[in-house]
Structures are given as C-alpha cells and as structure tokens.
Amino acid sequence: DVVLTQTPLSLSVTPGQPASISCKSSQSLVHGDGKSYLYWYLQKSGQPPQLLIYEASKRFSGVPDRFSGSGSGTDFTLKISRVEAEEVGVYYCMQNTHLPLTFGGGTKVEIK
Amino acid sequence: QVLLQQSGPGLVKPSQTLSLTCAISGDSVSRKNAAWNWIRQSPARGLEWLGRIYYTSKWNSDYAVSVNSRISINPDTSKNQFSLQLNSVTPEDTAVYYCARDGAWDVWGQGTTVTVSS
C-alpha cells in the first residue's frame, strides 16, 4: 500500500500568517494518464472531510484562492497564504492513483 | 447537487454484523464512471478505505485486504443506494463510517458513529 507521510503533525498559526503542509508518498502518484491523484482535505470537528484540492493542484469550487496545492511524483505541498480562524481543524492528504486508496496521518492546525 | 445520506445502527454487539446504508440523491448508483465507497475513521487507524462498488456492464467490487474476508458492499438500484455489511465485528471495528463518491472525491456522507460493544 502507498504510505502518505504528512509533516508537521501540528501547526499553530497566527491569523493572517501563511501555513504549509507537506505530504510525501512512498511511491510515485503519477497515474498512467499523466495525472497525480492527490487530494487535500480539511476536517473540522464532527464533520466529514471537505475537499480543498484535487489532482494535486486544482482548487475545488468555492475554495478560497488562499489555498494552493503543488507537487508531483512523491512530494506534495498544501499552502495557505493567510490562515483564517475558521480554517482550524485537521488537514489530510489522500491518494487515489493506486488501490487501495490511502490517507496521510493528518496535520492539526490551530490558531495562536 | 449530489447528497449522500447514511443510515444504520450506532451500536453493534461483538461477533454480529454491522450494516449501514448510503442513499444517493442527485446521482445514480448505476452510473458508469462512478464508484461508491465506504471509508472509516478511528483514532487508532486514522482514515481507512474499506471498499467500493462500481458498474460497468456488470457490478464490480474491490475491498481492502484488512477486511476482505468480512465485508460486502452491495447496490440497491431500486432505491438508488448502496450498503455496507461487515461481519464478525470486534471492538476494533468501532469507528465513524463514511460513504463517499469517487471522481473529484467531493461528496461524502455525514458519517455514522458505530460502537462495537456488548
């Protein structure tokens, strides 16, 4: 199975400051069609994960442009240019290039 | 707008069968190029994909190795829904269970907390 390793495990951010989360894969996530099926989610307390980024760098509809995804192969990054208070929660990466689908362990983001 | 509505008991006894249903609105369980998944989340195991069904010219399924001998995911085309059955449960199966649609992976059910306890 593909192992996704997220760092850091937790992040304390001042509102308005940037944040960056890394997701490293044990195998290349480039599919035969050339796409990387790497997703980023935010899970708020008591809710299902909500999609932020799909296919590594495509922002999902309605997601603020402060969120951006980058990377290819085995190294991926989620960046938030200015963190807002309502964006606290746990951020997860997920890959769907290889079965079984797997998730990173999560990065907990809190506000200072 | 596609919505997934989960239903099923929140408490299951050890050795019994966990059964959950995911009702689909705004899409079809039989649509080709769509797969319907079950995922669970627990503090011990994190987010764990359990399996999926999808329709080509026939119904297909894939299951995680960890539950392969105990799991069944089935469609109900008459009700446009799909179900999860997990047999011989133990306390380690205690988790929040989610259904989800693949593609952009933007559609998830609300989650069902299932506790395995006598």
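Just so we're on the same page: letters track the sequence lines, and every chain starts at 1.
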Does [X] use its side chain to pair, donor to acceptor, with the backbone of [Y] at less than 3.5 Å?
X	Y	answer
B:Asp102	B:Ala35	yes
B:Gln6	B:Cys99	yes
B:Asn80	B:Ile24	yes

If you define the side chain from C-beta out and look only at heavy atoms, does anything of B:Ser61 sit under 4.5 Å from B:Ile73?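 B:Ser61 vs B:Ile73: side chains apart.
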Answer whether the closest heavy-atom distance between the side chains of B:Arg40 and B:Tyr98 falls below 4.5 Å.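 No, their side chains stay 4.5 Å or more apart.
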How far apart are the closest heavy atoms of B:Val114 and B:Val12, and which atoms are they?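 The pair with the smallest heavy-atom distance is CG1-CG2, 4.0 Å.
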Could you grab the distance from atom CZ of B:Phe82 to atom CG of B:Leu20, nearest 0.5 Å is fine?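 Here the interatomic distance stands at 10.5 Å.
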What's the separation between atom CD1 in B:Ile71 and atom CD in B:Gln85, rounded to the nearest 0.5 Å?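 B:Ile71 atom CD1 to B:Gln85 atom CD measures 10.0 Å (nearest 0.5 Å).
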Chain B neighbours within residues 94-112 of chain A, where any heavy atom lies under 4.5 Å away: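 Only A:Met94, A:Asn96, A:Leu99, A:Pro100, A:Leu101, A:Phe103 of residues 94-112 of chain A have a heavy atom under 4.5 Å from chain B.
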Which residue out of B:Arg52, B:Glu48, B:Gln110 racks up the most heavy-atom pairs below 4.5 Å with chain A?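 Most heavy-atom pairs under 4.5 Å with chain A: B:Arg52.
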Give the member of B:Thr113, B:Leu47, B:Asp106, B:Val96 that has the highest number of heavy-atom pairs under 4.5 Å with chain A.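 Option with the top pair count is B:Leu47.
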Using heavy-atom distances under 4.5 Å, tell me whether A:Tyr37 contacts chain B through its side chain, its backbone, both, or neither.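 Neither part; nothing is under 4.5 Å.
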Quick one: what part of A:Gln43 sits under 4.5 Å from any heavy atom of chain B, side chain, backbone, both or neither?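 Only the side chain of A:Gln43 comes within 4.5 Å of chain B.
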